[in-house]
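A quick write-up on the structure given underneath.
Chain letters run A, B, ... following the sequence lines, proteins first, then strands; residues in each count from 1.
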2 protein chains.
Amino acid sequence: MKRTGTPRLVDVAEAAGVSLASASRAMSGGSGISPEVAAHVRRVAQELGYEPNLHARGLAGGLVPTIGLLVHEIGDPYFSEIASGVIRSATLENRSVQIAQADRTPESELAQVQALLRQRVGSIIIAGSGYADPEHEQKMTAALAEFALAGGRAAVIGRHYLPIDAVLPDNHRAGVSVGAHLAALGHRRIGVVAGPLELNTVADRIAGLREGIADAEVELTVVSKEFTREGGIAGARELVDGEFRGRDLTAIVGLNDAMAIGILSELRQQGIRVPDDLSVVGFDDIAVAADVAPALTTARIPMFEMGQHAVALILRPASDEARTVSTSHELIVRASTAPPRG
Amino acid sequence: MKRTGTPRLVDVAEAAGVSLASASRAMSGGSGISPEVAAHVRRVAQELGYEPNLHARGLAGGLVPTIGLLVHEIGDPYFSEIASGVIRSATLENRSVQIAQADRTPESELAQVQALLRQRVGSIIIAGSGYADPEHEQKMTAALAEFALAGGRAAVIGRHYLPIDAVLPDNHRAGVSVGAHLAALGHRRIGVVAGPLELNTVADRIAGLREGIADAEVELTVVSKEFTREGGIAGARELVDGEFRGRDLTAIVGLNDAMAIGILSELRQQGIRVPDDLSVVGFDDIAVAADVAPALTTARIPMFEMGQHAVALILRPASDEARTVSTSHELIVRASTAPPRG
DNA sequence: CTGAAAGCGCTTACAG
DNA sequence: CTGAAAGCGCTTACAG
């Protein structure tokens, strides 16, 4: 069954009066062909409505222009906002994006990256914090190096251990802002509900927090849970009702908004008023942070823009050394923080 | 550069002592080969760690096992929760998913579907309400019919005008539940902030609402806005402060949670207390509905499960007539609704 | 049911 | 820079 109507590269070659090889170079390669001929071929292709067959390209050894996007969990607003930015930019550039979930485990992350490589996607964006585990990061680096060797373009969002192009959230300084804010309000006994400590996002934010409170005599109590709303609930319970009950905290920091929202929920459950009895702060400023009860004070991280930056990075040809796009943060003070009572 | 290490189908054919053709039939087709041989080939393939080259398959005329998922906006929790269900099930079935955004316009929707078809994805899931516009729906039907002819599998979520496999949210009855709930509380003047009226989701929910209040003498005031948080804000403003100010409403329904959350935000802004001065209800029960201020009464629609159902549908071979999976809803009564004052 | 062969639409050495 | 040719790894009529 001939697919009439869909012009192939031979058709444009013929129409342009050049060989298949030249047409191919005009459309993909770019090098090894005179600019005039290339321009002519492209014009003809345009007129004919030529659309390259991606499977043929993939088979012939080339890479497919698809962008592989790896997130931990697309239902998490942090990642869905990044994904939105990636897809928006990709669509503008006529690239399609294939999405995979790593489900918050390093093994799955690696497996998904390899699945993406097998499909010969031309570029890969890995969103989400890296792991402190050197063995895992080294395997990831190796996989991506091989990918780069084959002409693939990779970029990461939010991890700085890998030697490749990266979009860096302002985690450390965001932590500083949050710490300084609480210290300035007068808080001296602060609880932190952290995600897994091997995530560099968690480590960076905690380090920032410590720096932000360094001038005041603040006691920090850190518990580590899942990096989710449920983790926030569990952490809050432990801090106000568990073994740390005696600490008499006046503020709790959730290391992302999902956790902070879980914390708010648990405190409400227990009849603890925010910010009267306890202040609460988050990180990220996901869309709903302004709408929860009370409205959440948080350090805004520009997820959507980070997704767009990542696409811009992989669209640029590779260079010798890894490029980095640093983004900024903004402390958004809302209703969930206030000076401690008394 | 020989890709050593990655066994090809010829390699498994050789190892299994059969022809390439038979090996191919064993791995993909299924028909035209004896069960014993097929089983043997598959075992050998397994041992060799054979992974089919999707591009070769796509080129050879077959379809690629990738699932194309079309949403309006991945940053919207309604769609990200559906996407999460789709990706979860797809990963379990070893399928990858390619995602595209339709940005809430019919033209873009059609364009994205065609882009997906050009890539020869084996299946397409379209999430999101259909349009009342018969011309658009007819074009969509034509595109999907052609796709089905080529062996593709398609399913829609949340639109029932198209003659293909569908997962149907319980929009009408959810509307009934919401209407009945408000009527039972004693509300008689109810405002509705609707999304675009040409969306069948909107039409279905409004029809349900009308049915739910039919027994009481309720006056419904409907305004139509964008199907987003901002739309909710605009609608609330119009209902309490604009030309409808005199209506003296005692409750406002947002036709999805995003709108309802926008409504809550606007009312808070204006110093109108919920539920004391005005009750508010939403639809969907997105993850944050329980955490907004006040916690939102809403009709729960199982987005994640709907995504999984859609994958189950497209995994099943095509049948003569379109199949339908109906899902249910659950009215979740929280703090945003109460009897009207006075 | 099974096999030999053509063909899917490109890219990329290899010559010129 | 340009072209003829081989090859990427599969699927699918076409015979048997």
* **Who pairs with dA4(C) - Watson-Crick or G-U, where each distance is under 3.5 Å** => none
* Candidates dG9(C), dT2(C), dT2(D) - which lies nearest the side chain of Ile33(A) -> dT2(D)
* To do: Evaluate the side chain to side chain contact (heavy atoms under 4.5 Å, CB included) criterion for residues Gln308(B) and Ser89(B): first the C-alpha distance (whole Å), next the side-chain angles of each, then the deciding distance (0.1 Å), finally the verdict.
  => CA-CA 6 Å; Gln308(B) 298 195 300; Ser89(B) 288; 3.3 Å; yes
* **Listed nucleotide nearest any side-chain atom of Ala21(B), set dG3(C), dC8(C), dT2(D)** => dG3(C)
* Check the distance between dA4(C)'s P and Glu14(B)'s CD and give it to me in whole angstrom. => 13 Å
* Can you check the Leu20(A) CG to dG7(C) P distance for me, whole Å? -> 16 Å
* Asked: Charged N to carboxylate O under 4.0 angstrom, Glu109(B) versus Lys139(B)?
  -> no
* Asked: Between atom CD in Glu51(B) and atom C1' in dC10(D), what is the gap in whole Å?
  -> 15 Å
* Asked: Between dG7(D), dG9(D), dA4(C), which nucleotide gets closest to the side-chain atoms of Ser19(B)?
  -> dA4(C)
* Leu59(A) CG to dA6(D) P: how many Å, rounded? -> 18 Å
* **Residues Asp165(B), Arg316(B): salt bridge by 4.0 Å N-O rule** => no
* Structure fact -> Of the candidates dT2(C), dC10(C), dG3(D), the side chain of Val18(A) sits closest to dG3(D)
* To do: Give a yes/no answer on whether the side chain of Ser24(B) brings an N or O atom under 4.0 Å of OP1 or OP2 in dT11(D).
  => yes
* Asked: Where the side chain of Asn53(A) is defined as all heavy atoms beyond and including C-beta, which of dC10(C), dA4(C), dG9(D) is the nearest nucleotide?
  -> dC10(C)
* Are Arg57(B) and dC10(D) close enough that a side-chain N or O sits under 4.0 Å from OP1 or OP2? -> no
* To do: Provide, to the nearest angstrom, the distance between the CG atom belonging to Leu9(B) and the P atom belonging to dT11(D).
  => 6 Å
* Structure fact -> In whole angstroms, the gap separating C1' of dT2(C) from NE2 of His40(B) amounts to 15 Å
* Once you round it to whole Å, what is the distance between P of dG9(C) and CD of Gln119(B)? -> 16 Å
* Measure the distance from CE on Met27(B) to P on dC10(D) and round it to the nearest whole Å. => 9 Å
* When the ring planes of His72(B) and Phe79(B) are compared, do they come out parallel, tilted or perpendicular, using 30° and 60° as the limits? -> perpendicular
* Assigned partner base of dA13(D), Watson-Crick or wobble definition, under 3.5 Å -> none
* May I ask you to verify if any side-chain N or O of Ser28(A) is less than 4.0 angstrom from the OP1 or OP2 atom of dT11(C)? => yes
* Asked: Ion pair present between Asp103(B) and Arg88(A), side-chain N to carboxylate O less than 4.0 angstrom?
  -> yes
* **dT2(D) OP1/OP2 closer than 4.0 Å to side-chain N/O of Ser22(A)** => no
* Determine yes or no for a side-chain-to-main-chain donor-acceptor pair under 3.5 angstrom, with Ser129(B) supplying the side chain and Asn200(B) the backbone. => yes
* Is Leu54(A) touching bases, backbone alone, or none of the nucleic acid, heavy atoms closer than 4.0 Å? -> nothing
* Counting side-chain heavy atoms from CB outward, which of dC10(C), dG9(D), dT2(D) is closest to Arg8(B)? -> dG9(D)
